[in-house]
Amino acid sequence: MWCGVVTLFPDMFRSAADAGVLGRAIAGGLVDLQLFNPREFAADRHRTVDDRPYGGGPGMVMMVEPLLAAIAAGRKAARRSGGEQIDAPRVIYLSPQGDPLTQARVETLADLPGLILVAGRYEGVDERVLESAIDEEVSIGDYVLSGGELPALVVLDAVSRLLPGALGNSASALEESHLDGLLDYPHYTRPEIGRSGNTESVVPPVLLSGDHEAIRLWRRRQALLRTWLRRPDMLVGREWSEEDRRLMEEVLNASSH
Ligand code: ADE
C-alpha cells in the first residue's frame, strides 16, 4: 500500500516507522510511507503555515495554500509510484469531528491501494481544505489531541497489520477475524503456575489438555463473557450464530449459579 502523510512533524513518523509491525511492513515493502511537510510548500520566507482565525478567538488555523500544495504533492507522488493503480489515493483528515475509526473501517482502508493521511495542528485547518481536498474525516475517539499525528499513526498501525504478510504468524490475523465483533479471550504462557498479584494462579487446565475443540469452545465462551461484562454495547444488534447463542447461555447460567 502506498501511504502519504501530510504533517508538520515528520520526525514523529520516522521513529515509528522503524519499530514493530509497521516497521517490518515498511522494511518489507508492504507499505511505501512518504512524508509531506506543508512548511516546505509555504510561499513566504518565514515558511508560514498558520494564521489567525477570521471572527477572532484563540489559537491559529492552518492556511489553505501550503496544505493543498502538500496534498497535491502527495497525489503526484502516489501517481508516480505507479505499479498498482494509485491514481486517486483516498485523502483522510484526522479530527475529533470525523467518523469514528472502527475495525470495519480499518478493514476497508486496508483494501485501498493508496492513502493520504492529513494531520492537522493548531485549532484546525481552514474549512476550504476540507471542502476541496478531503474525501473522509476520521476520529480515533471522543477526546481532543493536540494534533493529528498520533491519530494518523493509529490508522497506519491498524491498517498495516492487516496487509497480507505483515504479521509474522498469519494465523493471528485470521484467528482474530473469527472473533468478529467480540473482545479477545485471555492468553497464557509458561510457567504453568505463576504469580498474579499476590495470589498463586494457575493456567486454566483446558489449555493444557491438548483437546483443540475444547480449547476453541473455552476461548469462545471467554470472549463472549468478557464482551458481555465489559462492552455489552458491542452485543446490541449482533447476528448470533447457533453456537454463540448456546455458549452465551451456558456462560450466563454458570455465572448466575
Ligand atoms: N486530532 C485531534 N484529536 C483527534 C481525535 N480524537 N481523532 C482524530 N484526530 C484528532
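We count ligands from 1, going down the list as the structure has it; atoms in each ligand are counted the same way. Hydrogens, waters and symmetry mates are skipped; everything else that's a heavy atom, side chains included, is used.
- When heavy-atom distances to ligand 1 are checked against a 4.0 Å cut-off, Pro151 comes that close only through its side chain, counted from C-beta outward.
- Judged by the 6.0 Å distance and 45° axis criteria, Arg221 is not positioned over the aromatic ring of Trp218.
- Atom CZ of Arg14 has more than 12 neighbouring heavy atoms from other residues, nucleotides or ligands inside a 6.0 Å radius.
- Judged by distance alone, with hydrogens and angles left aside, the side-chain atoms of Ser139 form a donor-acceptor pair with the main-chain N or O of Gly141 at under 3.5 Å.
- Checking only distances, Gly141 does come within under 3.5 Å of ligand 1, N or O to N or O.
- Protein heavy atom nearest atom 7 (N) of ligand 1, with residue, atom name and distance: Ile140 N, 3.0 Å.
- A donor-acceptor pair under 3.5 Å links the side-chain atoms of Arg226 to the main chain of Asp184, judged by distance alone.
- Ser95 N, 3.4 Å is the protein heavy atom nearest to atom 8 (C) of ligand 1.
- Ligand 1 lies less than 4.0 angstrom from a heavy atom belonging to Gly147.
- Environment of CD in Glu239: sparse, with no more than 12 heavy atoms of neighbouring residues, nucleotides or ligands closer than 6.0 Å.
- If you check which protein heavy atom lies closest to atom 3 (N) of ligand 1, you get Leu145 N, 3.0 Å.
- Taking a cut-off of under 4.0 Å to the non-hydrogen atoms of Leu94, the atoms of ligand 1 that pass are 8 (C), 9 (N).
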List, one per line, each side-chain donor-acceptor pair under 3.5 Å for residues 29-43, sequence neighbours excluded.
| residue | atom | partner | partner atom | Å |
| --- | --- | --- | --- | --- |
| Asp32 | OD1 | Gln34 | NE2 | 3.4 |
| Asn37 | OD1 | Arg39 | N | 3.0 |
| Arg39 | NH1 | Arg47 | O | 2.9 |

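- Of the possible polar contacts, none joining the Ser209 side chain to the Pro205 backbone as a donor-acceptor pair under 3.5 Å is found.
- Only backbone heavy atoms of Val138 (N, CA, C or O) come within less than 4.0 Å of ligand 1; its side chain stays farther off.
- From the protein, the heavy atom lying nearest to atom 6 (N) of ligand 1 is Tyr143 O, 2.8 Å.
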